[in-house]
Amino acid sequence: MTLAQEIKQARQDREILLMTHLVLGYPSFEVNREVIARMVEAGVDIIELQIPFSEPVADGPVILRANQEAIDRGVKVRQCLEFAAEMTDRHRIPFLFMTYYNILFKYGVEAFLQKSKESGIRGLIIPDLPPEEGEEYLTACRRLELAPIQIFAPTSTEARMKKLAGHGGGFIYCVARRGVTGTQTSFDQDFDRYIDRCRRATEFPLAVGFGISNRRDVDLLRGKADIAVIGSATIRLVEAQGAAAVSEFIAGLR
Amino acid sequence: MTLAQEIKQARQDREILLMTHLVLGYPSFEVNREVIARMVEAGVDIIELQIPFSEPVADGPVILRANQEAIDRGVKVRQCLEFAAEMTDRHRIPFLFMTYYNILFKYGVEAFLQKSKESGIRGLIIPDLPPEEGEEYLTACRRLELAPIQIFAPTSTEARMKKLAGHGGGFIYCVARRGVTGTQTSFDQDFDRYIDRCRRATEFPLAVGFGISNRRDVDLLRGKADIAVIGSATIRLVEAQGAAAVSEFIAGLR
Amino acid sequence: MKPGYYGNWGGAFVPEILHETFRQLNAVFAEAQADPSFWQQYVDLMASYSCRPTPLTLAENLTRRFGGAQIYIKREDLNHTGAHKANNVMGQGLLVRRMGKTRVIAETGAGQHGVATATMAAKFGLACTIYMGEEDVQRQRPNVFWMEKLGATVVPVTSGSRTLKDAINEAFRDWVANMDSTHYVMGTVCGPHPFPAMVAWFQKIIGEETRRQILAAHGRLPARVYACVGGGSNAMGIFQGFMADEEVELVGVEAGGKGLTTGQHAARLTAEEAGNHPAGTPGVAQGYKTMFLQDSDGQMKDTHSVAAGLDYIGVSPMLADLWEGGRVRMAAATDAEVMEALQLTMASEGIIPALESAHAFVQAFREAGELPPEAAIVINQSGRGDKDIFTIAHAFKDPSWQAFIRAKGEEYAKEPAS
Amino acid sequence: MKPGYYGNWGGAFVPEILHETFRQLNAVFAEAQADPSFWQQYVDLMASYSCRPTPLTLAENLTRRFGGAQIYIKREDLNHTGAHKANNVMGQGLLVRRMGKTRVIAETGAGQHGVATATMAAKFGLACTIYMGEEDVQRQRPNVFWMEKLGATVVPVTSGSRTLKDAINEAFRDWVANMDSTHYVMGTVCGPHPFPAMVAWFQKIIGEETRRQILAAHGRLPARVYACVGGGSNAMGIFQGFMADEEVELVGVEAGGKGLTTGQHAARLTAEEAGNHPAGTPGVAQGYKTMFLQDSDGQMKDTHSVAAGLDYIGVSPMLADLWEGGRVRMAAATDAEVMEALQLTMASEGIIPALESAHAFVQAFREAGELPPEAAIVINQSGRGDKDIFTIAHAFKDPSWQAFIRAKGEEYAKEPAS
Ligand SMILES: Cc1ncc(COP(=O)(O)O)c(C=O)c1O
Ligand SMILES: Cc1ncc(COP(=O)(O)O)c(C=O)c1O
């Protein structure tokens with residue numbers, strides 16, 4: 001089953017799916033392990049594993065700092081791939097890689113994707129790789145049956161959305177608003193019109209990210225998006241209260 | 001008798017005359033009084049009274065500082081004129097004013113000279129007033145029978161010396177070398193040639209200044225100059241050892 | 001070749017949210033390029049507001065000293081705000097007007113680009129925010145002061161190595177939030193397409209002038225042209241005047257920092273010895289593909305240079321291509337060599353190059369003696385050094401300067417904000 | 001009229017020892033004036049070494065703000081070394097070459113003339129000594145640093161008020177000892193003849209350019225021309241371009257310091273109220289006759305201005321004459337007004353005038369609104385303000401600047417000369 005099919009199937013049972021995010025090696029792989037176990041237990045549907053990069057331009061302060069601290073503590077790409085293999089082996093839900101293009105480019109795009117596939121990864125989100133620059137990546141993803149998840153933005157035109165969807169896989173990551181990760185979004189009328197536009201442009205399920213941090217946010221997405229993405233919020237939570245707090249937080253979202 | 005005649009007469013008795021200098025009001029008029037008394041007693045022939053000016057460009061560090069301290073202590077031109085009257089009244093030898101042109105200009109050139117005359121002053125040395133700028137001054141001096149003492153320099157040409165002498169009175173002040181007051185002069189062959197040139201240019205007696213501070217200097221001038229001028233040396237002496245030291249110093253010069 | 005590529009380098013690795021912004025930018029830039037009156041407007045602005053054409057000065061004393069080629073200096077230091085940065089910034093200001101945006105943002109390392117942008121914003125009546133690594137804010141406080149007085153908000157960037165590259169990231173973060181009102185004034189020939197093309201286009205005014213001037217002054221083309229290379233904008237600016245003249249050798253000079261073998265430098269393309277690999281390797285970051293100083297995972301390294309404006313991980317994709325193709329030769333100058341060249345230039349010619357520019361002087365001095373007196377070389381003096389007083393006086397360990405700063409500091413400690 | 005006199009003012013009150021030196025200087029200057037190739041050589045030098053012609057910039061935002069005359073700014077700040085002082089200094093440098101002298105000396109207040117002279121000396125291969133009041137050495141340490149790096153010896157003058165006038169006296173003292181080898185590069189249109197004439201001659205390049213430029217830009221002559229007046233060289237420089245144009249009003253602006261009634265200023269010609277006497281009175285000092293700030297005995301007073309370059313007791317004899325004859329109107333700007341005009345100009349136009357120049361801006365801003373939009377006014381921006389960072393940041397009481405200086409000071413206290 002493709003990732004897209006799997007998501008559609010899961011949506012039959014649940015009004016909205018949850019996708020969470022964490023930065024690999026931050027604060028440590030041990031904590032990552034515990035956080036992931038609690039997330040899966042609490043019913044998270046998909047997990048995004050961010051391989052840290054020194055120049056995370058699309059990320060806001062929380063994730064930015066997590067990237068840097070992970071690198072400062074010596075986290076290597078090789079370790080991230082090994083850790084991903086361990087997680088996909090242990091847990092049933094789909095895991096994705098999120099990272100910036102240089103991590104793939106420097107490793108060798110083909111080799112990196114091959115290795116990701118072998119690690120059980122189902123798809124990738126690369127925010128600084130528009131399809132125009134991603135020929136090698138998109139071709140290899142298709143060959144390896146990895147989902148090259150595409151991103152829609154409020155600024156994307158209809159034509160652009162169609163084009164992106166044509167290159168996409170798994171689902172579409174709809175950036176909820178202008179700006180970077182980690183700050184509040186207001187889900188207003190403009191937002192509804194935006195999601196409508198997204199729906200009309202693609203058959204893929206829609207994930208909505210940026211600034212979702214509580215049940216109210218998730219409720220507002222019900223009936224609009226297929227997947228609610230929780231990013232900085234869990235990182236903040238783990239920093240403040242430790243990995244154990246994750247269970248209750250996730251359980252409370254839905 | 002004009003100042004020039006008086007000097008020539010004095011030279012009949014003495015191989016070289018001594019002219020000393022002091023800055024009025026420095027360190028105080030009281031000290032000036034004592035210094036002058038001792039100078040006259042020790043046989044000084046002429047005394048130059050410098051009226052302090054805030055911008056004494058032709059003076060070196062010692063006299064410069066004396067000018068400034070006198071002004072800082074509130075010395076006024078009016079006081080200098082009164083003090084001069086007191087000195088010329090008390091002592092027989094000729095007294096001169098030395099100052100910069102602005103002191104005269106601001107007072108009114110005519111008025112200042114009139115007042116100088118009334119104070120018993122015999123002549124003036126104004127180092128920043130070349131004859132080209134001194135028409136009013138020269139005319140008034142002649143009218144008042146004040147000697148407008150002219151200055152020769154080693155850089156003066158023969159024609160220039162003749163011109164200067166034509167405007168002069170009393171004696172010619174021969175600047176011994178390039179530079180300002182207060183530093184050592186070497187009385188070498190060049191110097192002898194220079195004094196020869198001065199002699200040929202004028203009938204006036206010649207005073208030689210700049211850097212004369214001991215008997216050896218005075219001896220070297222014997223037979224060359226008519227007047228040896230002692231400037232910074234006495235100021236330094238009074239500063240270091242007080243007014244009383246002046247008697248012995250002057251006595252030791254000749 | 002794909003648009004925005006120079007051989008293997010360049011591209012536009014841009015988050016989707018900026019796709020439309022870049023489309024608009026490309027369109028406005030293409031329009032401007034196609035409109036001869038735009039270039040004329042630009043030239044007029046630079047003539048009446050800055051002082052273009054900037055002179056080409058024959059350095060007679062340095063020429064005599066090295067006994068070889070005639071050494072000419074292109075005087076970008078005489079631009080308004082003191083560096084070639086003004087060319088690019090005023091040009092982009094005209095594009096901002098065309099786009100009708102009301103706010104500009106920029107990154108800055110040395111502060112020169114920040115001051116130039118703040119200046120342009122004041123002149124064009126735009127709001128302005130400047131991102132500057134916290135470390136650079138410390139190093140370049142005078143520039144921060146001027147930016148603020150010019151009406152800009154200066155935001156110290158505390159992430160990463162707290163230097164230029166992090167300021168660029170932070171500016172992008174602002175941009176993705178505010179692109180409707182805001183233009184990002186990229187300061188050098190780097191970043192995603194069309195920035196390299198756009199900045200190079202405005203900076204080519206340097207090379208066009210220089211070519212005319214050297215022909216008038218020397219009667220023939222120069223043998224070599226030297227320029228320091230941070231991002232590469234002053235180098236591309238002057239090189240473009242001679243690109244088609246194959247007999248003119250183009251030499252870029254990178255920051256050798258404490259030495260190419262120490263790891264503390266910012267030389268991406270210069271190999272330590274002929275035949276060796278350079279320290280930079282191909283990568284994609286900050287929106288474009290070039291040779292970066294990075295580790296084997298693709299994480300960017302810390303760089304070092306006495307010249308803040310050269311202290312950067314990447315290099316223009318255009319220069320990477322010209323270097324790869326052999327059209328541009330790359331060299332490096334160490335901090336120590338730079339201080340020496342600076343001292344010599346000041347005392348011999350009465351000219352104070354910026355620390356960045358002094359890198360080009362080092363290499364020119366090394367080579368001038370090899371050439372015959374009939375030959376001429378041109379050094380691009382990208383900026384003036386008096387802005388660098390804190391760095392230069394520090395580097396020279398000037399005791400009176402240190403005493404002066406201590407006394408001032410104590411005065412402020414006694415009566416703060418008096 | 002006697003040679004060297006301008007109406008009642010001027011002359012050459014020079015000690016006899018310098019008589020020959022002045023004769024030679026007059027002769028060489030006359031020769032140069034009579035030789036058209038000399039002026040061409042000067043213009044070429046200023047074009048290739050500095051960046052003449054400097055631009056005339058239309059200040060659109062300030063014009064809009066005041067809603068009156070079109071405000072044009074003559075950009076002497078774009079000269080090499082950052083002020084109009086370069087014009088005079090390079091010109092005198094050419095005369096020094098003619099005379100075959102090997103050393104130059106100069107006084108400096110703000111330091112700009114010192115830096116310019118040290119620069120010229122480096123370029124012309126001359127030894128150089130700069131006299132600078134000890135207080136100014138403290139105030140202007142960056143300039144001292146550059147002078148030294150340019151190869152000059154800077155002598156702090158500890159006599160008198162330890163400012164500009166004392167530096168002039170000290171330079172004269174050096175000169176009377178060393179005139180055979182040495183030329184004294186007077187920095188402004190003051191001092192004994194032929195200095196005012198000579199400095200004015202070189203500075204007229206400003207006015208000649210400005211007249212051409214304003215006719216080209218505005219189509220007619222300006223209604224008024226504003227210039228700050230320290231010694232008066234930048235003012236005489238620009239005024240000469242319009243002297244024969246009676247419809248052009250010439251306005252000189254002196255340092256009002258803490259206010260004309262406080263005694264803490266340097267306004268020699270500006271009366272506190274129309275009809276009153278100015279604070280200056282006729283006098284003779286420093287070799288020339290003019291209006292000086294002096295007491296009733298003729299002792300020079302202490303002066304005050306936030307702008308070191310205007311902090312001077314005398315004023316050009318040429319300006320005293322033009323003022324007396326009504327051709328030049330004089331006004332004054334206080335320190336506080338100057339800081340305000342500076343802030344406004346920076347934020348509105350992206351231009352940082354020197355504190356000296358900002359005085360001219362104050363008066364122009366006061367009057368611009370009175371004139372119709374068809375009229376133009378020109379402000380002479382004699383120099384750039386970034387050299388004044390220590391004074392300006394101090395005057396603005398900028399807390400980040402103070403913190404920065406304190407931190408730097410503590411760093412140096414910990415490891416001196418590290
Ligand atoms: C004076 C000067 N030169 C050179 C540079 C380096 O930039 P680029 O390589 O883009 O010319 C800078 C950057 O700040 C600079 O200020
Ligand atoms: C920038 C600037 N403007 C003006 C002046 C005042 O001099 P002047 O009146 O001779 O132009 C100075 C003197 O240092 C100066 O540096």
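In this text, all values refer to a predicted model and were calculated from it rather than measured experimentally. Convention: sequence-line order gives letters A, B, ...; per-chain numbering from 1.
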Visitor: I need the minimum non-hydrogen distance between C:Asn169 and A:Ser54, along with the two atoms involved.
Guide: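 Of all heavy-atom pairs spanning C:Asn169 and A:Ser54, the closest is ND2-O, 4.5 Å.
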Visitor: Would you say C:Arg173's side chain and A:Asp59's backbone share a donor-acceptor pair under 3.5 angstrom?
Guide: yes
Visitor: Does any backbone or side-chain atom of A:Leu164 lie under 4.5 Å from a heavy atom of chain C? Answer side chain, backbone, both or neither.
Guide: side chain
Visitor: Heavy-atom distances under 4.5 Å only: say whether A:Pro52 touches chain C with side chain, backbone, both or neither.
Guide: backbone
Visitor: What do you reckon, is CD of C:Gln24 surrounded by more than 12 foreign heavy atoms closer than 6.0 Å?
Guide: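 Correct, the count exceeds 12.
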Visitor: With a 4.5 Å heavy-atom cut-off, do A:Lys106 and C:Thr281 have their side chains touching?
Guide: yes
Visitor: Hey, which of A:Arg78, A:Gln68, A:Gln150 has the most heavy atom pairs under 4.5 Å with chain C?
Guide: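 Most heavy-atom pairs under 4.5 Å with chain C: A:Gln68.
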Visitor: Rounded to the nearest 0.5 Å, how far does CD of A:Glu55 lie from CD of C:Gln286?
Guide: 5.5 Å
Visitor: Residue by residue, which of residues 290-304 of chain C have a heavy atom closer than 4.5 Å to a heavy atom belonging to chain A?
Guide: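 Under the 4.5 Å heavy-atom cut-off, C:Gln294, C:Asp295, C:Ser296, C:Asp297, C:Gly298, C:Gln299, C:Met300 qualify.
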Visitor: Quick one: NE2 on C:His19 to CD1 on A:Ile151, what's the gap to the nearest 0.5 Å?
Guide: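 Nearest 0.5 Å value for the NE2-CD1 distance: 13.5 Å.
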Visitor: Which bit of A:Phe105 is near chain C, if near means a heavy-atom gap under 4.5 Å: side chain, backbone, both or neither?
Guide: side chain
Visitor: Go through the atoms of C:Pro282 and report whether side chain, backbone, both or neither lie under 4.5 Å from a heavy atom of chain A.
Guide: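 Both backbone and side chain of C:Pro282 come within 4.5 Å of chain A.
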Visitor: Is the shortest side-chain N to carboxylate O distance from C:Lys2 to A:Glu132 below 4.0 Å?
Guide: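 No, C:Lys2 and A:Glu132 are not salt-bridged.
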Visitor: Tell me the closest heavy-atom pair linking C:Gly283 and A:Asn102, and the distance in Å.
Guide: CA-OD1, 3.2 Å
Visitor: Tell me, for C:Ala171 versus chain A, whether the close heavy atoms (under 4.5 Å) come from the side chain, the backbone, both or neither.
Guide: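 The answer is neither part of C:Ala171.
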Visitor: Should we say atom CD of A:Glu158 is surrounded by more than 12 heavy atoms from elsewhere, each under 6.0 Å from it?
Guide: no
Visitor: Do any of residues 96-114 of chain C have a heavy atom less than 4.5 Å from a heavy atom of chain A, and if so, which, in residue order?
Guide: none
Visitor: When only pairs under 4.5 Å are counted, which of C:Ala12, C:Gly4, C:Ala285 shares the most heavy-atom pairs with chain A?
Guide: C:Ala12
Visitor: Does any non-hydrogen side-chain atom of C:Val284 lie less than 4.5 Å from one of A:Glu133?
Guide: no
Visitor: Just wondering, more than 12 heavy atoms not from A:Lys117 lying within 6.0 Å of its NZ?
Guide: yes
Visitor: Could you check whether any side-chain heavy atom of C:Glu16 comes within less than 4.5 Å of a side-chain heavy atom of A:Ser156, counting everything from C-beta outward?
Guide: yes
Visitor: Looking only at heavy atoms, what is the nearest atom pair of A:Asp128 and C:Phe13, with distance?
Guide: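 Distance-wise, the nearest heavy atoms are O-CB, 3.2 Å.
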Visitor: Does any heavy atom of chain C fall under 4.5 Å from the side chain of A:Ile71, the backbone, both, or neither of them?
Guide: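 Just the side chain, heavy atoms under 4.5 Å.
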